[in-house]
Asks: 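Sharing a structure with you now.
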Amino acid sequence: MQEIFDKANSVLEEIKTTVAENAEQAEQFRIKYLGTKGILKDLFGAMAQLPGEHKKEYGQLMNTLKASAEAKLEELKLNFDSGKSSSKEIPDLTAPGYDIPLGSRHPLSIVRNKIISIFSRIGFVVAEGPEIEDDWHNFTALNTPQDHPARDMQDTFFLTENKNLMLRTHTSSVQIRKMESEKPPLRYIFPGRVYRNETISARAHCTFHQVEGLYIDEHVSFADLKQTMYYFAQEMFGKNVETRFRPSFFPFTEPSAEMDISCFVCGGKGCPVCKHSGWVEIGGCGMVDPSVLENCKLDPKKYSGFAFGMGIERITMLKYQINDLRLFFENDIRFLKQFSAAD
Ligand code: PHE
């Protein structure tokens, strides 16, 4: 008789110490102890053989046993209902929350913002214009002759409904809009997206970004242009950088120049970034052509000015040594996350 009490007590102990690793083990527990052929059923059955005076005590023990088994089953099931993989893993309610991963700015935005901040320190203000332009603002007012190759279908996306409208090929169109609508002094930069009918490759894309600049006032000279560009190059690429201006041609500037900076990677000694020349090209610039001022009803005898333009992609590629332009537009997170969120 003592045996049956001992057995019941050891089952009680077993039940209390049971753990389950998964929902299936919790179910096995139920079958083993509480099932129709389970241990508890057997133990209850044993009551019949007990002498009368022990029945009450045994009955109480059995009630405890059953209640413990049922409570344990609930506990085991609860662990898995809440998605836990082990009953040992009780959630720590005081634990700090999970980090929300921070995004980072697109490299083109980082560089555009830097360019804007550099020029704003010397008084240039951001101005924007439409991406769909008319012939006057994109070409004619900028002194671009009717037979200029840029006007060719091969180079420019014209709108099919209206051949007088196109996706702007440069942000110089915004220069015209500002000169038409405001009186000098004008000191603006024009960041924005532009479009050209180019085959997409590692070095060219049909859409890219520019920052152009315009400064119009009395007595503005080429020396002002050079100093402004020199200041920009130093702020953007470091104090040791040198600049050089090569004669060039744009329909809307006279004289025109192409600006190079000494290669900031090798310091001018020659490396793959500067193709061993020691210099890298940054953008075009020049003195605003008097006929462009006239087109905007500004008196070229009174006013003069300079303009410049550069590609944001190009500067970003140089700055971060990125060798494929297409990376900017693919939005591959592995590429984008390499640029610091703090920039
Ligand atoms: N608009 C020219 C281009 O897109 C750049 C430029 C701007 C050149 C201003 C000179 C002056 O290539």
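All ligand and atom numbering here is 1-based and tracks the order in the structure.
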Asks: Check for a donor-acceptor pair, side chain of Glu235 on one end and backbone N or O of Tyr231 on the other, with a separation under 3.5 Å.
Replies: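 No.
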Asks: May I ask you to identify, for Phe308, whether its side chain, its backbone, both or neither come under 4.0 Å of ligand 1 on a heavy-atom basis?
Replies: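 The answer is the backbone of Phe308.
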Asks: Please list the nearest protein heavy atom to atom 5 (C) of ligand 1 with its residue and the distance rounded to 0.1 Å.
Replies: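 Checked against all protein heavy atoms, atom 5 (C) of ligand 1 sits closest to Glu212 OE2, 3.7 Å.
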Asks: Applying side-chain contact (heavy atoms from CB on, under 4.5 Å), run through Leu186 and Met179 and close with a yes or a no.
Replies: CA-CA 8 Å; Leu186 304 175; Met179 286 190 276; 3.7 Å; yes
Asks: Need the ligand 1 atom indices (1-based, order shown) with element for anything under 4.0 Å from a heavy-atom of Gln210.
Replies: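 In order of numbering, the contacting atoms are 3 (C), 4 (O).
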Asks: I'd like to know if the side chain of Asp224 reaches the main chain of Ser221, judged simply by a donor and an acceptor atom lying under 3.5 Å from each other, with no hydrogens or angles considered.
Replies: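 Looks like yes, one N/O pair under 3.5 Å.
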Asks: Centroid-to-centroid, Tyr195 to Phe208, below 6.0 Å?
Replies: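 When the ring centroids of Tyr195 and Phe208 are compared, they turn out to be at least 6.0 Å apart.
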Asks: In this structure, is the centre-to-centre distance between the rings of Tyr188 and Phe124 below 6.0 Å?
Replies: no
Asks: Within ligand 1, which atoms have a heavy atom of Gly284 less than 4.0 Å away?
Replies: 8 (C), 10 (C)
Asks: Heavy-atom distances under 4.0 Å decide this one: backbone, side chain, both or neither, for Ser256 against ligand 1?
Replies: neither
Asks: Out of curiosity, Glu313 CD to Arg326 CZ, how far, rounded to the nearest 0.5 Å?
Replies: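 Result: 14.0 Å between the selected atoms.
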Asks: For ligand 1, which atoms have a heavy atom of Gly309 less than 4.0 angstrom away?
Replies: 6 (C), 7 (C), 9 (C)
Asks: Going by the order shown, which atoms of ligand 1 are within less than 4.0 Å of some heavy atom of His170?
Replies: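 The list of qualifying atoms is 1 (N), 4 (O).
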Asks: Just let me know how Ser172 lines up against ligand 1, side chain, backbone, both or neither, with a heavy-atom cut-off below 4.0 Å.
Replies: side chain
Asks: By the definition side chain to side chain donor-acceptor pair (under 3.5 Å), identify the one residue from Glu70, Lys72, Glu14, Lys66 that meets it with Tyr33.
Replies: Glu14
Asks: Considering only heavy atoms of Phe252, which atoms of ligand 1 have at least one such atom less than 4.0 Å away?
Replies: 1 (N), 2 (C), 6 (C), 7 (C), 8 (C), 9 (C), 10 (C), 11 (C)
Asks: Using the rule given for side-chain contact (heavy atoms from CB on, under 4.5 Å), can you reason through His170 versus Leu142, listing the C-alpha separation, both sets of side-chain angles and the distance that settles it, and then say yes or no?
Replies: CA-CA 11 Å; His170 47 190; Leu142 285 158; 3.5 Å; yes
Asks: Residue-level breakdown please: for Arg196 versus ligand 1, do any non-hydrogen atoms fall below 4.0 Å on the side chain, on the backbone, on both, or on neither?
Replies: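 Side chain only.
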Asks: In ligand 1, which numbered atoms sit nearer than 4.0 Å to a non-hydrogen atom of Ala307?
Replies: 9 (C), 11 (C)
